[in-house]
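Chain letters run A, B, ... following the sequence lines, proteins first and then strands; every chain starts at 1.
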There are 4 protein chains.
Amino acid sequence: MGGATAALQGTTKAQIQSVALRLFAERGYDSTSMREIAEALSFTKAALYYHFASKEDIVRSLIDTMLSQVGELVDWAHSQTQGPGLRHEVLTRWIDIMQGQGLRMFRFINANHRVMREISTDKSGMEEHLRALYEILTPPGAGLADQLRARLSLMVVNMAGLASNGLEASEEDILAAARQISMELAPKDPTGDPA
Amino acid sequence: MGGATAALQGTTKAQIQSVALRLFAERGYDSTSMREIAEALSFTKAALYYHFASKEDIVRSLIDTMLSQVGELVDWAHSQTQGPGLRHEVLTRWIDIMQGQGLRMFRFINANHRVMREISTDKSGMEEHLRALYEILTPPGAGLADQLRARLSLMVVNMAGLASNGLEASEEDILAAARQISMELAPKDPTGDPA
Amino acid sequence: MGGATAALQGTTKAQIQSVALRLFAERGYDSTSMREIAEALSFTKAALYYHFASKEDIVRSLIDTMLSQVGELVDWAHSQTQGPGLRHEVLTRWIDIMQGQGLRMFRFINANHRVMREISTDKSGMEEHLRALYEILTPPGAGLADQLRARLSLMVVNMAGLASNGLEASEEDILAAARQISMELAPKDPTGDPA
Amino acid sequence: MGGATAALQGTTKAQIQSVALRLFAERGYDSTSMREIAEALSFTKAALYYHFASKEDIVRSLIDTMLSQVGELVDWAHSQTQGPGLRHEVLTRWIDIMQGQGLRMFRFINANHRVMREISTDKSGMEEHLRALYEILTPPGAGLADQLRARLSLMVVNMAGLASNGLEASEEDILAAARQISMELAPKDPTGDPA
DNA sequence: GATGAATGAGAATTCATTCAT
DNA sequence: GATGAATGAATTCTCATTCAT
């Protein structure tokens with residue numbers, strides 16, 4: 001936690017990040033203008049530029065926030081002994097991150113590939129982090145289907161938002177179901193277990 | 001099949017649709033300008049406006065194309081006898097649609113919720129179609145998790161595109177794996193279980 | 001009459017003139033596009049260009065129509081013996097012209113000074129015609145006020161359209177009243193005043 | 001007086017209003033582009049948009065200015081005792097307003113009915129104001145001709161601009177003559193005259 | 001006589017950004 | 001820390017016009 005999470009509370013900078021993330025996720029990066037962000041905050045546009053050098057800079061800061069959260073998860077995972085138990089725990093923590101700002105971030109990332117591609121943040125960092133998580137979630141010697149399963153199990157929480165459209169159930173219940181499906185989907189260890 | 005697919009070949013209108021879909025899927029709707037579409041076709045902007053009344057109109061036509069394909073699937077499914085076999089076949093046909101323009105369309109829809117929301121096409125039609133498919137894929141009396149599974153099984157093909165980033169495998173193999181996972185994920189009939 | 005009046009009936013060219021005049025008077029010249037004229041006639045734009053070389057050309061033909069009507073009035077007036085009786089009769093005939101297409105033409109001219117100025121038709125003709133009418137309506141040796149009266153007496157019929165907004169009376173009654181006011185307004189002969 | 005008139009001096013907003021009114025009156029609303037207004041002011045187009053939300057917004061502000069002037073006249077007239085003397089004074093004040101920006105405004109209104117109709121300012125206000133003036137200028141029990149006379153007497157000052165085209169006289173003299181004609185035209189009180 | 005397709009110029013408007021204060 | 005004013009480039013879209021058929 002620490003820096004990253006705290007960054008989205010209190011300070012002016014943090015207010016901007018929070019509102020910008022909401023708008024970017026709702027309307028898309030390109031369709032959200034600095035004017036709209038400023039108005040949503042009852043600031044002037046120029047005030048935004050006092051805190052952030054550019055619109056892209058806001059995105060960068062947003063990504064960094066998420067990046068550090070996922071980075072912490074990766075670091076923690078690397079410090080543990082590998083195995084099915086760890087995989088289970090990693091998925092749980094991932095899901096925890098994805099709630100709160102995480103879900104919004106994911107929706108944002110999903111809906112704004114272009115900016116993500118063009119932004120020259122340490123975005124490779126995100127890909128590395130994800131690769132690391134994939135490896136942890138994929139048993140040694142896994143086939144293609146299992147590799148895909150690992151990746152999809154991470155995405156399920158994020159898809160649940162879209163998928164639950166029209167379902168009559170509390171957000172809580174939906175996330176619980178998503179969690180369960182995510183676990184099922186994650187590749188099983190082929191380690192000689194008699195089922 | 002037929003009309004809808006054929007509509008994306010040959011004629012000027014069709015060329016525009018095809019190029020626009022590619023660009024919209026790649027860069028997002030808002031970030032793709034009419035100028036860019038025109039340049040990609042070596043047309044003038046004004047020529048686009050001769051064929052389509054507006055930028056939104058292009059999107060509308062694109063959606064209608066996909067809509068009719070999914071609509072045909074729903075109609076076909078309704079004309080069959082329900083059951084596990086049908087569910088399997090529906091998933092197969094869905095995946096077939098999603099390849100070709102379908103995948104692009106889905107990436108587009110996923111990445112451009114805002115336009116989709118604002119466009120006043122028979123978009124409700126899409127929601128109805130999806131609802132119909134969900135029902136067919138969901139066994140009677142299914143719980144929340146199974147309802148979610150039905151929805152996610154449809155999305156898996158579309159997610160596979162994202163998920164396979166960085167995997168060293170042919171598109172063919174990836175789609176085959178996605179197909180398999182999609183089938184596994186679809187809710188199973190509770191046949192014969194005493195609840 | 002003859003040519004000019006007949007020109008607004010029957011033939012395709014005449015249909016175009018009639019519809020164009022209506023639209024120009026309603027929405028103004030610049031705000032009426034060739035597309036709108038074409039649509040109002042269920043033609044294609046290109047068809048308009050078969051009959052008229054340009055948009056300005058339509059206006060020119062319209063002006064010419066009115067020009068010839070007023071020209072005939074001037075010619076007739078010049079062939080009569082001057083005097084108060086003639087002035088009365090001229091006003092009457094002027095008012096007769098102004099009904100029918102005339103009123104529309106006037107509304108058009110009033111509302112589209114710019115085109116009128118820029119159009120290089122024999123528009124000077126119109127000014128000459130009006131000057132001739134002014135002279136006929138103005139008794140010899142009239143002062144500034146009477147010169148203005150002569151001019152305004154011609155305009156009254158045209159203003160009546162605007163002025164009668166909100167009055168509960170038939171168009172017929174309004175025109176009769178306008179006619180009466182116009183006559184009153186016209187400068188009186190200083191008959192018998194010792195200057 | 002006061003506020004409204006002063007508003008057209010000094011400030012950037014006021015400069016824009018002044019130049020825009022001149023151009024709108026000269027060339028018509030539709031034929032005057034934001035580029036032209038900007039160039040006439042040596043501004044950029046975008047600068048106009050900083051001060052006014054849209055082209056229509058400029059018109060709206062212009063109308064409001066005139067509206068408040070006429071509104072003041074109506075209010076003043078309502079606070080006086082009705083009668084022939086008041087009618088005379090109202091006409092005088094009306095003519096005073098119409099000079100300065102007023103004449104331009106009137107030429108603009110006359111030549112741009114379409115915009116006026118479409119603009120959703122408190123334009124009904126103008127119609128109400130005019131209705132009020134008509135009532136004041138019209139003696140009780142007046143017939144149709146007198147109702148029309150009241151209306152035309154207000155319009156005469158505005159028509160004088162058009163009507164005096166080609167007259168060799170100073171603007172001052174023309175306005176004086178127009179004033180005189182306007183007064184003559186205004187309906188006379190039928191009080192006790194033996195016809 | 002008339003059309004479908006296309007064009008180049010220009011319209012209104014919005015945007016990210018800058019900078020003096 | 002923050003604002004008001006301004007800009008240059010881009011956007012969507014419309015228009016008068018042309019031309020091969």
Keeping C/Y29 on the side-chain end and C/F108 on the backbone end, is there a donor-acceptor pair under 3.5 Å? no

With side chain to side chain contact (heavy atoms under 4.5 Å, CB included) as the criterion, how do D/F52 and D/R60 come out once you've worked through the C-alpha distance, each side chain's angles and the decisive distance to 0.1 Å? CA-CA 10 Å; D/F52 292 93; D/R60 246 187 296 274; over 6 Å; no

Tell me, for nucleotides 5-12 of chain F in 5' to 3' order, what letter each nucleotide earns: B for a base near a protein heavy atom under 4.0 Å, S for only sugar-phosphate near one, - for neither? BBBB-BSB

Residues two or more places apart in sequence or in another chain: which of them pass side-chain hydrogen bond (donor to acceptor under 3.5 Å, both in side chains) with D/S61? D/Q17

For E/dA11, give its Watson-Crick or G-U wobble partner with both distances under 3.5 Å, or none. F/dT12

Would you check if the side chain of D/K45 reaches a backbone N or O of D/S33 as a donor-acceptor pair within less than 3.5 Å? no

Value in whole Å for how far the C1' atom of F/dA2 lies from CZ of A/F52: 15 Å

B/V115 and B/F24: side chain to side chain contact (heavy atoms under 4.5 Å, CB included), yes or no, with the steps? CA-CA 11 Å; B/V115 215; B/F24 288 162; over 6 Å; no

Please determine whether side chain to side chain contact (heavy atoms under 4.5 Å, CB included) holds for the pair A/M105 and A/Q69, giving the CA-CA distance in whole Å, both sets of side-chain angles, and the decisive distance to 0.1 Å. CA-CA 12 Å; A/M105 270 304 306; A/Q69 287 182 279; over 6 Å; no

When the distance from CD1 of D/I37 to P of E/dT13 is rounded to whole Å, what number comes out? 10 Å

Does any nucleotide pair with F/dA20 by Watson-Crick or G-U wobble geometry, both distances under 3.5 Å, and what is it? E/dT3

